[in-house]
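Every number for a ligand or one of its atoms is a count from 1 in the order of the listing.
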Amino acid sequence: MNHTESAKAFERAKGFFPGGVNSPVRAFRSVGGDPFIVKYGKGPYLFDVDGNRYVDYINSWGPLVLGHAYPSVVEAIATQAARGTSFGACHELESDLAAVVRELYPSLELMRFVNSGTEAGMSVIRLARGFTNRRKLVKFEGCYHGHADVLLAKAGSGVLTLGLPECSGVPSQVVSDTLIAEYNNLDSVERLFAECGDDIAAVIVEPVVGNCGLLVPQDDFLKGLRRITEKAGALLIFDEVMTGFRVALGGAQALYGIQPDLTMLGKVIGGGLPVGAFGGRRDIMEMLAPLGPVYQAGTLSGNPLAMVAGMTTISEWRKPGVFESAERTTQSLVDGLRRGAEAEGIPLVADSVGTMFGFFFSSTPVRSFKDTAQADKAAFNRFFHAMLEAGVYFAPSAFEAGFVSAAHAGEGLDYTLERLSTGFKAAKN
Ligand code: HOZ
């Protein structure tokens, strides 16, 4: 592949943005090399400024369940843009999207739209503390809930990819009440509650972890969290920014039958435009201003373009058979990954839940952050680059989940499956 134009464009970007990027996960720091520069996206593909085509398994880190530039989503955005792009005032589209969200997520008795998952995370923590009048939080090592100070402790995603266990600029006292437990290990949670349960406001968890590679909840882990928090009078917060609409239409709470007190959403509900949301029990949500004393606000919150993009995306995604077909595509990809690795004698752990998937070059199961240490990152990097050169774009990090869209069935998937042996051959060397 020729990357001349991408190289030039990236040099230019470096003159404007730290590391040439507007979000660290886009840089190829852990896999090496420079990112390609996107010209446009269509269906399951991204096209770069040199005219190269890639089957895209990032899908903007999750939102694009229908693929790039889905016609009815594009049309809905264009139609709304002609009527106004932002009002900073109440409008009906907010309630239209909220009604769809609540139909699929009945635990969100009340909700509020924000502009990103990060905003949802910082707001939900403030609300949990305000409601319970307690200070401490429990989060899990390797989980990432956006980049608000209080949640940047032992975080996943780019923090983990870049090897920054603590983030400079976050005062230690800001995270001193953020307690860290091990995902899939209820004992580690019980221990924290035994020590200071009376002061724990909430447990926050990615029910299926997507920011540390893909980690699947084992046995009764999530049920256990519900039991422990209920007993201690702490809130259970599901961060479904990634899992929402992806592991099931109703998210992990529907898939595993758990009702959290509060939920964070993002990504898919904006159909590729910037959005986030949080919501949950009415008595908790009524603590928010203007009803209550917990302040939270946003100029662009409930943005009309994001509302119509989200509504159109979800209405297509929930049509009979669409999610199920994308889920089957995801399973076929994971089967292909397993078969391809086996053919080359490479140990690989690959899994999917709904339309999220992940894989580790590991011979032993990976169930928590601790287990990821056994994965062969050098092999991942070789695999990543060989696949990229063959026109298949997986996340440029061994610590990120992948995402499949409805557009990947057929040509996109077939193209990928045919090239996996190239990737695994390279991983071996
Ligand atoms: N949750 C996303 C990846 N893990 C965030 C994307 C970003 O940080 O740019």
Which of the numbered atoms in ligand 1 are below 4.0 angstrom from a heavy atom of Glu400?
3 (C), 4 (N)
Below 3.5 angstrom, do we get any N/O pair linking Ser157 and ligand 1?
yes
Judged by atom type as modelled, is there a donor-acceptor pair below 3.5 Å linking the side chain of Glu240 to the main-chain atoms of Ala252?
yes
For atom 8 (O) of ligand 1, the protein heavy atom that lies nearest, with its residue and separation
Ser23 OG, 3.3 Å
With side chains defined as the heavy atoms from C-beta onward, is the minimum distance between Phe140 and Asn185 less than 4.5 Å?
no
Indicate yes or no for a side-chain donor-acceptor contact from Tyr393 to the backbone of Arg53 under 3.5 Å, with no hydrogens or angles considered.
no
Flag Arg26 as yes when one of its N or O atoms lies below 3.5 Å from any N or O atom of ligand 1, and as no otherwise.
no
Please classify the His147 to ligand 1 contact at 4.0 Å (heavy-atom distances, strictly less than): side chain, backbone, both or neither.
neither
Which of the numbered atoms in ligand 1 are under 4.0 angstrom from any heavy atom belonging to Met242?
1 (N), 4 (N)
Do side-chain atoms of Asp48 reach the backbone of Asp50 as a donor and acceptor pair under 3.5 angstrom?
yes
Between Tyr70 and Ser405, is there a side-chain donor-acceptor contact under 3.5 Å, judged purely by atom types and distance?
no
Can you sort out which atoms of ligand 1 are near Asn211, meaning under 4.0 Å from one of its heavy atoms?
1 (N), 3 (C), 4 (N)
Under 3.5 Å, is there a donor-acceptor pair between the side chain of Arg134 and the main chain of Ala128?
no
Identify the protein heavy atom lying closest to atom 2 (C) of ligand 1, giving its residue, its atom name and the separation to 0.1 Å.
Lys267 NZ, 3.4 Å
